[in-house]
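So the structure is just underneath, and the comments pick up after that.
Bear in mind that the values here come from a model prediction, so they are computed numbers and not experimental data. So you know, we letter chains A, B, ... as the sequences are listed, proteins then strands, and number each from 1. Worth knowing before you read on, the calculation uses all heavy atoms, side chains too, and leaves out hydrogens, waters and symmetry mates.
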Amino acid sequence: MHHCHIEITERQIDPSAWEGWLEAHEQDGATVTFVGKVRQDEKTFIKSLFLEHYPVMTETVLEKIAQKAIVRFQLTRVVLIHRVGQINLNERIVFVGVSAPHRTAAFEGTQFIMDLLKNEAPFWKKEQTLTHEHWVEPKKTDELQLKKWHL
Amino acid sequence: MIKVLFFAQIRELLGVSELEISENEISVKDLLTLICEQNKKWQKIMQDQSLLASVNHQLVDFDFIVHSEDEVAFFPPVTGG
């Protein structure tokens with residue numbers, strides 16, 4: 001049985017396509033999903049993002065993150081889909097869905113996956129506004145979030 | 001041959017996404033020095049303390065030894081999600 005689905009795509013992400021798969025297991029009492037999307041910045045007026053990645057390494061790192069989460073939180077199923085290429089304002093960048101017997105594991109597992117992804121997966125964001133574009137700087141808060149898991 | 005890839009700001013700064021270096025055994029640090037010696041403008045990335053390196057898709061330290069046929073990549077800190 002496949003426990004996890006990892007996908008890098010240039011297409012729009014449809015979380016509803018994974019609801020059934022995440023909820024299929026009778027021993028699971030919880031599913032948690034997370035969507036990260038392109039948000040407006042009041043100062044810079046972002047119109048889109050360009051997401052670059054390192055093919056093969058990206059899939060390898062995401063697979064490892066999912067497997068770590070499955071083992072650590074006893075998750076039953078994990079879906080991890082990340083978009084690359086051109087992504088417009090309000091579109092989804094990333095989707096994480098997990099299932100587990102209990103909610104705490106599902107909530108924590110989802111957060112764990114996102115914290116590791118933010119710090120370890122080789123993706124780079126370039127913000128595009130009406131007038132210019134620039135590479136996004138890593139956030140100190142993402143690094144701090146990772147520390148709380150004591151890896 | 002060692003295949004060397006660059007991503008994001010590093011790729012843009014160097015103006016290339018891929019190079020091949022003819023070495024049999026070299027540290028990541030020395031490989032980077034060798035690359036940056038090819039172009040004066042490229043030396044800027046040597047001073048970038050946040051620069052990351054991977055060998056065959058695994059993050060490595062700069063004293064890691066690379067061999068012929070390995071794939072090395074240099075890139076800035078990641079910003080996905």
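- A:Glu10 and A:Gln86 are not linked by any side-chain donor-acceptor pair at a separation below 3.5 angstrom, with hydrogens and angles left out of the test.
- Looking at A:Lys126, only its side chain comes within 4.5 Å of chain B, counting heavy atoms on both sides.
- Here the OH-CD distance, from A:Tyr54 to A:Glu59, works out to 11.0 Å after rounding to the nearest 0.5 Å.
- Within the 4.5 angstrom heavy-atom criterion, no atom of A:Lys37 approaches chain B.
- In summary, of the residues considered (A:Trp149, A:Phe34, A:Phe107), a ring-ring contact (aromatic ring centres under 6.0 Å, His included) with A:Phe112 occurs for A:Trp149 alone.
- Checked by atom type and distance alone, the side chain of A:Trp124 never pairs as donor or acceptor with a backbone atom of B:Thr79 at under 3.5 Å.
- Only one option out of A:Glu133, A:Glu127, A:His132 pairs with A:Thr129 in a side chain to side chain donor-acceptor pair (under 3.5 Å); it is A:His132.
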Working for side chain to side chain contact (heavy atoms under 4.5 Å, CB included), residues A:Trp135 and B:Glu12: CA-CA 11 Å; A:Trp135 291 100; B:Glu12 286 187 346; 2.8 Å; yes
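- Here CG of A:Leu151 is found 5.5 Å from CG of A:Leu116. Values are rounded to the nearest 0.5 Å.
- Using a 4.5 Å cut-off between non-hydrogen atoms, no part of residues 19-32 of chain B approaches chain A.
- If you check the side chains of A:Thr58 and A:His53, you find a donor sitting under 3.5 Å from an acceptor.
- Considering A:Val35, A:Asp14, A:Thr9 as possible partners of A:Phe95, the one that fulfils the side chain to side chain contact (heavy atoms under 4.5 Å, CB included) test is A:Val35.
- In this structure, B:Phe6 and B:Phe74 have parallel ring planes: the angle between them is below the 30° cut-off, well short of the 60° mark.
- Contact of A:Asn119 with chain B is made through the backbone alone, with heavy-atom distances under 4.5 Å.
- Atom CD1 of A:Ile6 sits about 12.5 Å away from atom NZ of A:Lys64, to the nearest 0.5 Å.
- Scanning residues 53-66 of chain B against chain A with a 4.5 Å non-hydrogen threshold yields B:Ser54, B:His57, B:Gln58, B:Leu59, sorted by number.
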